[in-house]
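Naming: A, B, ... by sequence-line order, numbering from 1 per chain.
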Amino acid sequence: MQIRPILAALRRHKAGTILIALQIALTLAIVCNALFIVHERLDRVRRTTGMNEANVVAVQNLYVGSPGTYLPLMKTDLQALRSMPGVEDAYVTNSFPLRRGGWSTTAQRTADGGKDGVQSALYFGDEHALATLGAKLVAGRNFTSSEIASFTRDQQPAPPQVIVTKALADKMFPDGNALGKTIYYIKGRPSTIIGIVEKLTVPWIDTDFIDNVTIMPLLFDSSYQHFILRTKPGQQDAVFKSVANTLYGVNRMRVLPEKNGVRTFEMVRAAAYDADRGMALLMSIVCGVLLAITAAGIVGLSSFWVGQRRKQIGVRRALGARKSDILSYFMTENFLIALAGVVVGVILALGMNQWMLTQFEMQRLSFTYVLVGVVVLLGLGQAAVFAPALRASRVSPVEATRSV
Amino acid sequence: MLKMTHLAKVYRTEVVETYALRDFNIDVKEGEFVAVTGPSGSGKTTFLTIAGLLETFTGGHYHLDGVEVSQLDDNARSRIRNEKIGFIFQAFNLIPDLNVFDNVEVPLRYRGMKAAERKQRIMDALERVGLASRAKHYPAELSGGQQQRVAIARALAGSPRLLLADEPTGNLDTQMARGVMELLEEIHREGATIVMVTHDPELAARAQRNVHVIDGQVVDLAEEPRFHSHAHTAHS
Ligand SMILES: Nc1ncnc2c1ncn2[C@@H]1O[C@H](COP(=O)(O)OP(=O)(O)O)[C@@H](O)[C@H]1O
Ligand SMILES: [Mg+2]
């Protein structure tokens, strides 16, 4: 190859060379990090909840009036919902996966508390909860109807039995065998783990205890509730449309919020990850635009250089360069500039990631992304320079004899 | 070495056809030093570009070293330019981004020569033209005469058998022109075939043979004396 003379010639075109190399470096740094963010966000979006998400409808319900206790209303509603023709099962709860609001507390192994707790989300529900969610019990048993109790705002949720996720069980009891063990959510109030579900996620999408969930056999005696319904296959839309009327038919003293009052689980999921998908889209657009601008910059400068060097291209052809020699001259020249650019770019990318690491909740940039970025930019450079280089290779050798 | 018969070159634009060469016949023997003269626009440069395989022609035949060149593809033509032909242009045509050493190296690289041999040949060629000490200089730092000597070194480095020069002294003062001419004569004495286009009758007279071109054709000066005076007035 003719690397040394190409570098020698580039030394005489410092401004353009440095400009393009820097542009490539910056693009690489931003594109690596942006793609990494896209990947992170899409990974989150793709996370499963441990539920069987198909055929699930969630209803937000606010009872109006002050009846003293809401338990009879809740029970009547549940009865009505369970007897809807398209409904397979239903239960009432304070929260559910992807709701983005709910309860959490610290689970302890000892009665007196201490500092060794594990954070867990709390879902309240009856013996229908697991079936409705489609959560899979991997050890122990479900609640029985006689175990279902209730509590009010003034009380603390500490039932004698709980079902926990495997993730929580493993964190609480790393040596295994959590089933039957005692666990404390409230100081001095023991709960026994009677069942373990394979997986169920917390209501929030950005916690570090995403899989730590406790299901308590409780009805929360409160005006604000969520009814979760599992419909028969193919009946989701029908239930989605009729459930509000069914509830209003039972009792008009309630409000189902205009917006989000009744949602299919697809809608819940879409709303939960709206921001993530938005961010992924934005970052993809940023990448696309930056790559396009860089490609345009390379095409522009290369075209300018080809135009500027028509005479010397002709001279080179006259002195024996083949078309392919001229083509490879410009391709190699671009490759060398791009190489310098990506070297600087990799350093910038890692620096930028380091900075974001400290500023935002972001993970360390995986080296794969840097590598992908390097390959993409070198490829982009070669693709962008190809047309101008091809034009250069077509400059006739007779150009050498034409006066300037 | 170089033989053209009934050669024609037509430049076509949308409006006009220019016959730059028509029924052009020339036969340059191996080892000859031929000067090509003629008024401006008569087709001398066109002849040289076709002779040097820089351009194709419209009709007739051209045999270079026994090979009919119209049969050759672009790569084969590049190869012949690289190995057999040395060019010297009126405007020197050094590559401004490269220093003297790198300029002389250009054709050798296209030949795929090893670095050690390239270096040897470059230094020998620069020695010949008396510019070995300027190897690291850029063209812009040299006088016109020095630049043309670098161009000659570049043409010589590949040991071409045919040297084509288009008004090599056209941009030089008399002193420098004489130096360049002496160099060409020396190269000729060592066996190269030289075809040189020139306006300068004094230089032309130093060649073994003169070929006069008028209106794209070679004319015999002895038979057509009236062209003689015409040619002179054209240059004065
Ligand atoms: N690329 C071209 N396109 C059109 N006409 C050309 C071209 N090159 C040369 N000519 C014409 O061909 C004729 C011969 O030109 P040239 O060979 O340059 O003459 P000389 O070198 O003897 O001055 C001129 O009439 C010139 O205008
Ligand atoms: Mg001319």
B:Arg77, B:Glu105, B:Arg154: which one forms the most heavy-atom pairs within less than 4.5 Å of chain A?
-> B:Arg154
Contacting region of B:Arg111 [heavy-atom separation from chain A under 4.5 Å] = neither
When you measure from the centre of the six-membered ring of B:Tyr138, is the NZ or CZ of A:Arg12 under 6.0 Å away and within 45° of the axis?
-> yes
Around atom CZ of A:Arg364, are there more than 12 heavy atoms of other residues, nucleotides or ligands at under 6.0 Å?
-> no
Counting only heavy atoms not in B:Tyr11, do more than 12 fall under 6.0 Å of its OH?
-> yes
Among A:Lys323, A:Arg316, A:Gln312, single out the residue with the greatest number of heavy-atom pairs under 4.5 Å to chain B.
-> A:Arg316
More than 12 heavy atoms from other groups under 6.0 Å of CZ on A:Phe209 | yes
Looking only at B:Asp74, B:Val106, B:Leu53, B:Asp166, the option with the highest number of non-hydrogen pairs under 4.5 Å against chain A is B:Asp74
Region of A:Val398 that comes under 4.5 Å of a non-hydrogen atom in chain B | both
Inspect the contact between B:Glu30 and B:Arg161 and indicate whether a charged nitrogen and a carboxylate oxygen are less than 4.0 angstrom apart.
-> yes
Can you tell which of B:Asn93, B:Thr45, B:Thr49 has the highest number of heavy-atom pairs within less than 4.5 Å of chain A?
-> B:Asn93
When heavy-atom pairs shorter than 4.5 Å are enumerated against chain B, which of A:Asp325, A:Leu10, A:Leu319, A:Val315 gives the highest number?
-> A:Leu319
State whether the number of non-hydrogen atoms from other residues, nucleotides or ligands found under 6.0 Å of B:Asp200 atom CG is greater than 12.
-> yes
Between B:Gln90 and chain A, which part of the residue has a heavy atom less than 4.5 Å away: side chain, backbone, both or neither?
-> neither
